*Asks:* 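Below is a structure I'd like to ask you about.
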Amino acid sequence: MIRGKNINLRPFTRQDLEFFQKVANDLDYNGEFNDFGLRNSVELETGFAVEGFLGARQGMLVIVNQEGEILGDMSYHQAAYGPNPGSQVYEIGLSIRPDQRGKGYGVEAQALLAGYFFRTYNVMRVQASTDIENIPEQRALEKAGFTREGVMRKAQWRNGVFHDLVLYSKLRGE
Ligand SMILES: CC(C)(COP(=O)(O)OP(=O)(O)OC[C@H]1O[C@@H](n2cnc3c(N)ncnc32)[C@H](O)[C@@H]1OP(=O)(O)O)[C@@H](O)C(=O)NCCC(=O)NCCS
C-alpha cells in the first residue's frame, strides 16, 4: 500500500474486477478526455491474470480512502527516450469517481505515485499528458508539483477529432 494523508494507492485484487468492469464503458466515470471507444469485457481479466496490474513496465493501482472505499484508479506505463535504461520514464494517468472529484484526491494521488516511482525505480522523470481543454487535470498536476513543458500538437485522435495535449513532468527531487 502506498500511504497518503487522505488516500492510499493499493494493488488491484480479484474483487476489484467487478467494479472496474462495471465502469469500463461508463462515460461519467472515465470522463470525455478518456473516451477512446468501447472496451471489451475480458481486457481487465487478462491484464489482471498476467501480473495483477503491477508490472514494472505498466500497471494500475486502486485509489481508496482511509476507510478502503474505492475513489478511482491510476494507470502507469514506461516510455523510453533512448534504448538504454537511463532513458526510461514513467507516464501516469487517472480517473476519480465523479462523486468524489474536486476534493483534492487527484492532486494527492499523482504526487503519491510520482514519489513511489522515485523511491522504487532509478528514474529521473515522471510525466503526464492531458487534453489542452482538461483544466481540472492541468490544475491537479500543477498542484501535485508537475511542471508544464509544452503542447504536443494534434497528438491524440479521440471522438472524431485530433486533440492538442499538454505535457507535464516532475523530476527526482522536485
Ligand atoms: C482530472 C481529475 C483526475 C482531477 O482529480 P480531482 O480529484 O477531481 O481534482 P482535485 O480535487 O485534486 O483538484 C484539482 C484541481 O482541479 C479543480 N477542479 C476539479 N474539478 C473541476 C471541474 N469540474 N472544473 C474545474 N476545475 C476543477 C479543483 O478545483 C482543483 O483546482 P483548485 O485547487 O485550483 O481549485 C478528475 O477530475 C477526473 O477523474 N476527471 C475525469 C478523468 C480525467 O479527465 N482524467 C485525466 C485524464 S488525462
Side-chain angles (χ1 to χ4, degrees), residues 1-12 16-17 19-39 43-44 47 53 57-79 89-117 123 125-171 174:
M1 181 101 89
I2 304 170
R3 290 201 175 275
K5 188 165 162 269
N6 297 309
I7 61 161
N8 299 313
L9 306 179
R10 64 160 174 75
F12 256 71
D16 297 320
L17 288 174
F19 173 85
F20 286 102
Q21 261 161 351
K22 220 179 281 173
V23 298
N25 290 302
D26 180 340
L27 193 53
D28 286 339
Y29 178 86
N30 295 298
E32 58 169 315
F33 301 113
N34 278 326
D35 181 14
F36 296 103
L38 294 173
R39 294 176 65 189
E43 185 184 316
L44 277 167
F53 289 127
R57 295 175 66 84
Q58 61 180 3
M60 289 208 286
L61 291 161
V62 184
I63 307 170
V64 293
N65 63 18
Q66 300 298 5
E67 286 72 49
E69 186 190 359
I70 296 176
L71 300 174
D73 68 280
M74 293 214 72
S75 60
Y76 63 86
H77 65 267
Q78 273 182 345
V89 307
Y90 278 101
E91 177 138 359
I92 65 174
L94 79 166
S95 286
I96 301 287
R97 268 174 42 185
D99 60 336
Q100 300 294 335
R101 289 178 194 160
K103 299 181 178 182
Y105 299 144
V107 172
E108 191 176 355
Q110 293 178 101
L112 271 181
L113 189 56
Y116 171 76
F117 285 136
V123 289
R125 175 185 168 93
V126 176
Q127 68 183 37
S129 61
T130 191
D131 194 289
I132 199 159
E133 292 179 2
N134 192 347
I135 305 302
E137 173 62 352
Q138 291 171 47
R139 294 279 311 142
L141 283 165
E142 280 159 16
K143 291 180 83 177
F146 284 70
T147 298
R148 185 184 178 106
E149 294 189 323
V151 175
M152 300 190 288
R153 296 182 302 155
K154 305 295 176 203
Q156 189 172 86
W157 171 258
R158 180 170 37 78
N159 225 351
V161 185
F162 283 103
H163 296 265
D164 290 350
L165 298 184
V166 190
L167 181 63
Y168 283 83
S169 71
K170 188 171 193 176
L171 302 184
E174 287 184 345

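Keep in mind that what you see is a predicted model, and the values were worked out from it rather than measured. Both ligands and their constituent atoms are indexed starting at 1 by order of listing. Hydrogens, waters and symmetry mates play no part in the numbers below; they use all other heavy atoms, side chains included.
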*Asks:* Could you tell me whether atom 16 (O) of ligand 1 has a protein heavy atom closer than 4.0 Å?
*Replies:*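 It does; a protein heavy atom is within 4.0 Å.
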*Asks:* Heavy-atom contacts with Ser95 under 4.0 Å: which atoms of ligand 1 show up? List them by number with element.
*Replies:*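 Contacts of ligand 1 toward Ser95, numbered from 1: 39 (O), 42 (C).
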*Asks:* Compute the shortest N/O to N/O distance between Tyr29 and ligand 1 and return yes if it is under 3.5 Å, no if not.
*Replies:*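 No, there is no polar N/O contact under 3.5 Å.
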*Asks:* So if I count the atoms of ligand 1 from 1 in the order they appear, which ones are less than 4.0 Å from some heavy atom of Ser129?
*Replies:*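 In order of numbering, the contacting atoms are 48 (S).
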*Asks:* Ligand 1 versus Ala128, non-hydrogen atoms closer than 4.0 Å: side chain, backbone, both, neither?
*Replies:*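 Neither; no heavy atom under 4.0 Å.
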*Asks:* Does Phe162 reach the side chain of Arg153, with side-chain heavy atoms less than 4.5 Å apart?
*Replies:*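 In short, these two side chains do not touch, never coming nearer than 4.5 Å.
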*Asks:* Just which atoms of ligand 1 are under 4.0 Å from any heavy atom in Thr130?
*Replies:*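 The list of qualifying atoms is 48 (S).
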*Asks:* What about Lys103: any of its N or O atoms under 3.5 Å from an N or O on ligand 1?
*Replies:*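 In this structure, Lys103 places an N or O atom under 3.5 Å from an N or O of ligand 1.
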*Asks:* Please tell me if atom 28 (C) of ligand 1 is touched by the protein, where touching means a protein heavy-atom distance below 4.0 Å.
*Replies:*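 So atom 28 (C) of ligand 1 lacks protein heavy-atom neighbours under 4.0 Å.
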*Asks:* Can any side-chain N or O of Glu108 pair as donor or acceptor with the backbone N or O of Lys5 at less than 3.5 Å?
*Replies:*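 Between the backbone of Lys5 and the side chain of Glu108 there is a qualifying donor-acceptor contact (under 3.5 Å).
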*Asks:* Do Lys143 and Gln110 have side chains that get closer than 4.5 Å, going by heavy atoms?
*Replies:*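 No, too far: nothing below the 4.5 Å cut-off.
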*Asks:* Pick from Asp164, Val166, Ile132, Leu165: which one makes a side chain to side chain contact (heavy atoms under 4.5 Å, CB included) with Met152?
*Replies:*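 When Asp164, Val166, Ile132, Leu165 are each tested with Met152, the side chain to side chain contact (heavy atoms under 4.5 Å, CB included) holds only for Leu165.
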*Asks:* Considering Asp28, Asp131, Val107, Val166 one by one, which has a heavy atom nearer to atom 12 (O) of ligand 1 than any of the others?
*Replies:*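 Looking at heavy atoms only, Val107 sits closest to atom 12 (O) of ligand 1.
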*Asks:* Please walk me through it: do Arg97 and Asp99 pass side chain to side chain contact (heavy atoms under 4.5 Å, CB included)?
*Replies:* CA-CA 6 Å; Arg97 268 174 42 185; Asp99 60 336; 2.9 Å; yes
*Asks:* Judged by atom type as modelled, is there a donor-acceptor pair below 3.5 Å linking the side chain of Asn30 to the main-chain atoms of Ala24?
*Replies:*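 Checked: pair present.
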*Asks:* Given Tyr29 and Asp73, is the side chain to side chain contact (heavy atoms under 4.5 Å, CB included) satisfied, shown in steps?
*Replies:* CA-CA 10 Å; Tyr29 178 86; Asp73 68 280; 2.6 Å; yes
*Asks:* Once rounded to the nearest 0.5 Å, what's the spacing between atom CG of Asn159 and atom CD of Glu32?
*Replies:*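 The distance works out to 8.5 Å.
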*Asks:* Starting from atom 42 (C) of ligand 1, which protein heavy atom do you reach first, and at what distance in Å?
*Replies:*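 Ranked first by proximity to atom 42 (C) of ligand 1 is Asn30 O, 3.4 Å.
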*Asks:* If you scan the protein for heavy atoms around atom 35 (O) of ligand 1, do you find one that is closer than 4.0 Å?
*Replies:*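 Protein heavy atom within 4.0 Å of atom 35 (O) of ligand 1: absent.
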*Asks:* What orientation do Phe12 and Phe20 show, parallel under 30°, tilted 30 to 60°, or perpendicular over 60°?
*Replies:*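 Geometry flag for Phe20 against Phe12: tilted rings.
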*Asks:* Report the nearest protein non-hydrogen atom to atom 37 (O) of ligand 1: residue, atom name, distance rounded to 0.1 Å.
*Replies:*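 Of every protein heavy atom, Arg101 CD, 3.3 Å lies nearest to atom 37 (O) of ligand 1.
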*Asks:* Need the ligand 1 atom indices (1-based, order shown) with element for anything under 4.0 Å from a heavy-atom of Arg139.
*Replies:*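 Listed by number with element, the hits are 15 (C), 16 (O), 31 (O), 32 (P), 33 (O), 34 (O).
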*Asks:* Just heavy atoms, cut-off under 4.0 Å: does Ile135 contact ligand 1 by side chain, backbone, both, or neither?
*Replies:*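 Neither; no heavy atom under 4.0 Å.
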*Asks:* Counting only heavy atoms, which portion of Asn34 has something under 4.0 Å from ligand 1: side chain, backbone, both, or neither?
*Replies:*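 Side chain only; the backbone of Asn34 stays clear of ligand 1.
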*Asks:* With atoms numbered from 1 as shown, which atoms in ligand 1 lie under 4.0 angstrom from a non-hydrogen atom of Tyr105?
*Replies:*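 In order of number, 7 (O), 12 (O).
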*Asks:* Considering heavy atoms of the protein only, find what lies nearest to atom 44 (O) of ligand 1 and give residue, atom and distance to 0.1 Å.
*Replies:*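 Minimum-distance protein heavy atom for atom 44 (O) of ligand 1 reads Asn134 ND2, 2.9 Å.
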*Asks:* Do the non-hydrogen side-chain atoms of Arg39 and Asn25 ever get within less than 4.5 Å of each other?
*Replies:*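 Answer yes - side chains close enough.
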*Asks:* May I ask you to decide if Ser169's main-chain N or O and Arg125's side chain share a donor-acceptor pair within less than 3.5 Å?
*Replies:*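 No, Arg125 side chain to Ser169 backbone: no donor-acceptor pair under 3.5 Å.
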*Asks:* Picking from Glu149, Glu142, Gln127, what satisfies side-chain hydrogen bond (donor to acceptor under 3.5 Å, both in side chains) with Tyr168?
*Replies:*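 The side-chain hydrogen bond (donor to acceptor under 3.5 Å, both in side chains) with Tyr168 is passed solely by Glu142 among Glu149, Glu142, Gln127.
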*Asks:* I'd like to know if the side chain of Gln138 reaches the main chain of Asp131, judged simply by a donor and an acceptor atom lying under 3.5 Å from each other, with no hydrogens or angles considered.
*Replies:*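 Such a contact is found between Gln138 side chain and Asp131 backbone.
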*Asks:* Please verify whether a non-hydrogen atom of Gly104 lies at under 4.0 Å from ligand 1.
*Replies:*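 Per 4.0 Å heavy-atom rule, Gly104 contacts ligand 1.
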*Asks:* In terms of residue, atom name and distance, what is the protein heavy atom nearest to atom 2 (C) of ligand 1?
*Replies:*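 Here the closest protein heavy atom is Glu137 OE1, 4.3 Å.
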*Asks:* Specify the protein heavy atom at minimum distance from atom 45 (N) of ligand 1: its residue, its atom name, and the distance to 0.1 Å.
*Replies:*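 Checking every protein heavy atom, the shortest distance to atom 45 (N) of ligand 1 gives Leu94 O, 2.9 Å.
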*Asks:* Of the protein's non-hydrogen atoms, which lies at the shortest distance from atom 4 (C) of ligand 1, and what is that distance?
*Replies:*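 Protein heavy atom with the smallest distance to atom 4 (C) of ligand 1: Ala140 CB, 4.2 Å.
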*Asks:* Do Phe33 and ligand 1 have an N or O pair less than 3.5 Å apart?
*Replies:*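 Looking only at distances, the answer is no, because the N/O contact criterion of under 3.5 Å is not met.
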*Asks:* Tell me the protein heavy atom at minimum distance from atom 21 (C) of ligand 1, and give that distance in Å.
*Replies:*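 Its nearest protein heavy-atom neighbour is Pro136 CG, 3.5 Å.
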*Asks:* What residue and atom, counting heavy atoms only, is the protein's closest point to atom 7 (O) of ligand 1, and at what distance?
*Replies:*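 Here the closest protein heavy atom is Gly106 N, 2.8 Å.
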*Asks:* Below 4.5 Å, heavy atoms only, C-beta onward: do Tyr116 and Leu9 meet side chain to side chain?
*Replies:*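 They are not in contact (no side-chain heavy atoms under 4.5 Å apart), so the answer is no.
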*Asks:* Between Lys143 and ligand 1, which residue portion shows a heavy-atom distance shorter than 4.0 Å: side chain, backbone, both, or neither?
*Replies:*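 Answer for Lys143: side chain.
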*Asks:* Any non-hydrogen side-chain atom of Gln100 less than 4.5 Å from a side-chain atom of Glu69?
*Replies:*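 A side-chain contact under 4.5 Å exists here.
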